Asker: 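Below: one structure in structure tokens.
Residue numbers begin at 1 in each chain, while the letters A, B, ... track the order of the sequences. Predicted, not measured: the structure shown is a model, and the values here were computed from it.
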Amino acid sequence: MTDTSSLPVYPHRHLLGIRELSPVDIELLLDRADAAVAISRRHEKKTSTLRGRTQINLFYEASTRTQSSFELAGKRLGADVMNMSVASSSVKKGETLIDTAMTLNAMRPDILIIRHASAGAAALLAQKVGCSVVNAGDGAHEHPTQALLDALTIRRAKGRIAGLSVAICGDILHSRVARSNILLLNALGAGVRVVAPSTLLPSGIAQMGVTVCPTMAEGLKGADVVMMLRLQRERMQGAFVPSIREYFRYFGLDAEKLKAAKDDALVMHPGPMNRGVEIASEIADGPQSVIQEQVEMGVAVRMAVMEALLDPRRRPSEDYA
Amino acid sequence: MSATVFSHARIIDPSRGLDEIGTVIVDGKKIVAAGAAALNQGTPAGAEIIDCSGKVVIPGLVDARVFIGEPGAEHRETIASASIAAAAGGVTSIVMMPDTHPVIDDVALVEFVLRTARDTAIVNVHPAAGITKGLEGREMTEFGLLREAGAVAFTDGRRTIDNALVMRRALTYARDFGATVMHETQDRDLAGAGVMNEGLYASWLGLSGIPREAEAIPLERDLMLARLTRGNYHAAKISTAMSANAVARAKADGAKVSAGVSINHLALNENDIGEYRTFFKLSPPLRAEDDRLAMVEALRDGTIDIIVSSHDPQDVDTKRLPFADAADGAIGLETLLGVALRLHHNGDVPLLRLIETLSTAPARLFGLPGGTLKPGASADFVLVDLDEPWIVREDAIRSRSKNTCFEGARLQGKVLQTLVAGRTVFSA
């Protein structure tokens, strides 16, 4: 790959969350990802960095976007990629996560990518297998590659992350994306605000390193970045908010509300979007939107992560985790 | 059986407020004498004399909340295996919860438990029966017949009765039979999908929280109904300061209420969960340190009457899962005394009071024999070295399930010998 051999060796065996990363670790991954972007933009996109290595994608939750991003990242690095489709596997027959993990482990993969509806599932898997594990989202806990790709998108657009003002808006309570982003942005010195109806804020939010803003006008005021979160449909009909139209009225991002942010503020969304619920189409497709760039950066970040974890120079005895 | 003399032990008998160096004389199944006065009493002819200098004799522990897998889940624990674990922990009587398969809500099942215990158990096993049939929270069980058959308390086990009218009638009807309703409270809707204490820690872990109010709201309801009905009510396992305050108020009002706390909630807090350690997934959930301190204080001041192990054996199939999917509960019979003694060694709770809450108080509360070293009482007692350090090792656990919260814990205070009705059922 584009001369990443000069970069320092990445000191972790797994990527389970942003929490265990130092700012140096994060910058290192972002630097590697910058190089990976260049590869994806070449005519010849395939490298041989992970040739002969086996990557298994174990997705317990349906995810078109993240799964295909990991698959493509692995293929561009030359790895053999296998997708475990949970819907048609023994998981449906009641096999536990641990038993599935042990079975897959016996096939000697080099890296396992897991997405699971339960918080802590990736950590549990990492305790039981002999290969590297990447958390592709575990319940409402963490989604580290999403936070890294968001950071890469911001860094490339703004040239820095420190000192920026980032507003994260929407369903913070159930969002692993929000948690990983709050951790990462704080680690790199950005100021984080959250905007949501109080029913969608987790207990103790004020102690999570953010400023809580009750209105979009307040939360977006002078912001450099506006991150919208997806609101699950089943949470809109009376359970957490009374209706879609009320939610959109107060917390959906439209042109009027976006005016409060800086003129050059970036608009981001981890996808998939609910147009007309948390974001208006004109904004999602508008000039400030970097939603498509986020998808591109996703592949690059996942290439960088897998390459860093499987760096042949890495000596397991020197790992932190 | 000939007589045995345990001489020059420190004898702690909360039933008589006694803490003195003395001698315990056992003849057959009974205690003949226990105390300083017995030092000068002539020893029965042919008695075996054991010098217990430096050791402590306490009445056997009475554990009022023990979950056992028999019938229905014998791979987790049988009545026999639980009794072996109990004996090793210095527990001479256990009250067995009715959440088995089938549930204990019928005379035949109470008789089954008593028969199985008689034939296989080495400690006293007292069944508690369901408050409602099938523990479904709707129709009352036969309190009178069940009590006659040997049920010592009524509880729906892990389940909370949602319906206030059912609870009112149960308390009223139980009063006629002098029975105690033992209830664990957690509002089903408010707890929702919660799996640990609500707060910052749960938020970072991405786990749904259970607010303290989920315990306190149905508890307050029950306490009001206890005032209304004048029935005997026992709050089985409280975990929060607000619950302790509610119990204290009800007691001050003269209601016939009592409360228990699990040893886990006296020794641990939510931070022990660490990175999703499912052995620390309990119900009620481990709370914050403030709540733990409030439990210790409530135990000391008498608001909380008893400590229970809440022994709840779970297997790998129910614990080796992602945190939210794992079962609640931890075993605790073997570590109950050792962990409780931390409160003594730390100076949190005086020793006499501590032993009272582990032995005398639960025996009195549920009308069980035991909890005393009075002459004439059944010789159910424990010889303890209060200071001997030991480390909890998974491979040394006698319980059929290994889901302890205290793996690797350093404890101070070890059971040396356990006697039930004069017979040694455990010796270190």
Side-chain angles (χ1 to χ4, degrees), chain A residues 14 16-20 60-61 94-102 114-128 135 137-144 172-180 182-183 186 194 199-210 235 239-240 321, chain B residues 75 188-215 240 242 269-281 285-291 314-328 394 402-403 407:
Chain A
H14 307 297
L16 303 178
I18 298 295
R19 182 176 288 283
E20 58 260 24
Y60 284 84
E61 282 185 328
E95 189 177 63
T96 66
L97 173 64
I98 296 289
D99 288 337
T100 304
M102 299 309 279
I114 179 174
R115 163 163 296 187
H116 198 281
S118 293
L124 182 62
L125 196 71
Q127 288 166 18
K128 304 290 175 187
N135 180 5
D138 62 330
H141 178 224
E142 282 228 46
H143 190 354
I172 312 286
L173 177 62
H174 300 97
S175 177
R176 52 195 172 214
V177 174
R179 284 173 181 74
S180 288
I182 289 169
L183 290 166
N186 271 303
V194 296
T199 47
L200 291 174
L201 288 173
S203 172
I205 181 72
Q207 297 155 66
M208 293 173 90
V210 300
R235 291 173 186 144
F240 291 88
Chain B
H75 66 290
R188 192 193 305 267
D189 298 308
L190 197 50
V195 294
M196 70 172 285
N197 186 41
E198 183 173 289
L200 181 62
Y201 196 52
S203 293
W204 274 126
L205 288 175
L207 295 172
S208 299
I210 300 173
R212 293 164 180 81
E213 287 77 3
E215 174 178 303
T240 74
M242 66 175 78
N269 66 33
E270 60 183 353
N271 296 314
D272 288 297
I273 290 167
E275 286 281 310
Y276 306 102
R277 295 160 76 190
T278 58
F279 282 12
F280 294 81
K281 182 166 185 255
L286 290 173
R287 303 286 184 183
E289 178 64 4
D290 284 353
D291 287 303
Q314 296 291 337
D315 201 1
V316 287
D317 61 331
T318 49
K319 278 292 190 186
R320 240 175 47 167
L321 296 169
F323 194 87
D325 306 330
D328 297 324
E394 190 193 308
K402 313 295 178 195
N403 56 309
E407 163 79 35

Asker: What part of A/His174 gets closer than 4.5 Å to chain B, counting heavy atoms only: side chain, backbone, both or neither?
Answerer: neither
Asker: Tell me, side chain or backbone of A/Ile182 under 4.5 Å from chain B's heavy atoms, or both, or neither?
Answerer: side chain
Asker: Answer yes or no: is there a donor N or O on one side and an acceptor on the other, between the side chain of B/Arg287 and the main chain of B/Met196, under 3.5 Å?
Answerer: no
Asker: Do the side chains of A/Leu124 and A/Asp138 get nearer than 4.5 Å, heavy atoms only?
Answerer: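 A side-chain contact under 4.5 Å is absent here.
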Asker: Given a strict heavy-atom distance threshold of 4.5 Å, which part of A/Arg176 is in contact with chain B: side chain, backbone, both, or neither?
Answerer: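 Nothing of A/Arg176, per the 4.5 Å heavy-atom cut-off to chain B.
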Asker: Look only at the side chain of B/Lys281 and the backbone of B/Ala327, and say whether a donor-acceptor pair between them is shorter than 3.5 Å.
Answerer: no
Asker: Do you know which of A/Gly120, A/Gly204, A/Ser203 has the most heavy-atom pairs under 4.5 Å to chain B?
Answerer: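 Looking at each option in turn, the highest pair count goes to A/Ser203.
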Asker: Do you know which of A/Ser175, A/Pro202, A/Ala140 has the most heavy-atom pairs under 4.5 Å to chain B?
Answerer: A/Ala140
Asker: Is there any residue in residues 201-209 of chain B with a non-hydrogen atom under 4.5 Å from a non-hydrogen atom of chain A, and which ones are they?
Answerer: B/Ser203, B/Trp204, B/Leu205, B/Gly206, B/Leu207
Asker: Could you have a look at B/Leu321, B/Thr278, B/Leu200 and say which one has the most heavy-atom pairs with chain A under 4.5 angstrom?
Answerer: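 Of the candidates given, the most pairs with chain A belong to B/Leu200.
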Asker: May I ask you to decide if A/Ile18's main-chain N or O and A/Glu142's side chain share a donor-acceptor pair within less than 3.5 Å?
Answerer: yes
Asker: Is the closest side-chain donor-acceptor distance between B/Gln314 and B/Asn403 under 3.5 Å?
Answerer: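 No, no side-chain donor-acceptor contact under 3.5 Å.
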Asker: When rounded to the nearest 0.5 angstrom, what is the spacing between NE2 in A/His14 and CG in A/Leu125?
Answerer: 9.0 Å
Asker: Between B/Tyr276 and A/His141, how do the two ring planes meet: parallel, tilted or perpendicular, split at 30° and 60°?
Answerer: perpendicular
Asker: Would you check if the side chain of B/Glu407 reaches a backbone N or O of B/Glu394 as a donor-acceptor pair within less than 3.5 Å?
Answerer: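 Indeed, once roles are kept as given, a pair shorter than 3.5 Å links the two residues.
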Asker: Within the structure provided, determine whether A/Thr96 and B/Arg320 are in side-chain contact (heavy-atom separation under 4.5 Å).
Answerer: no
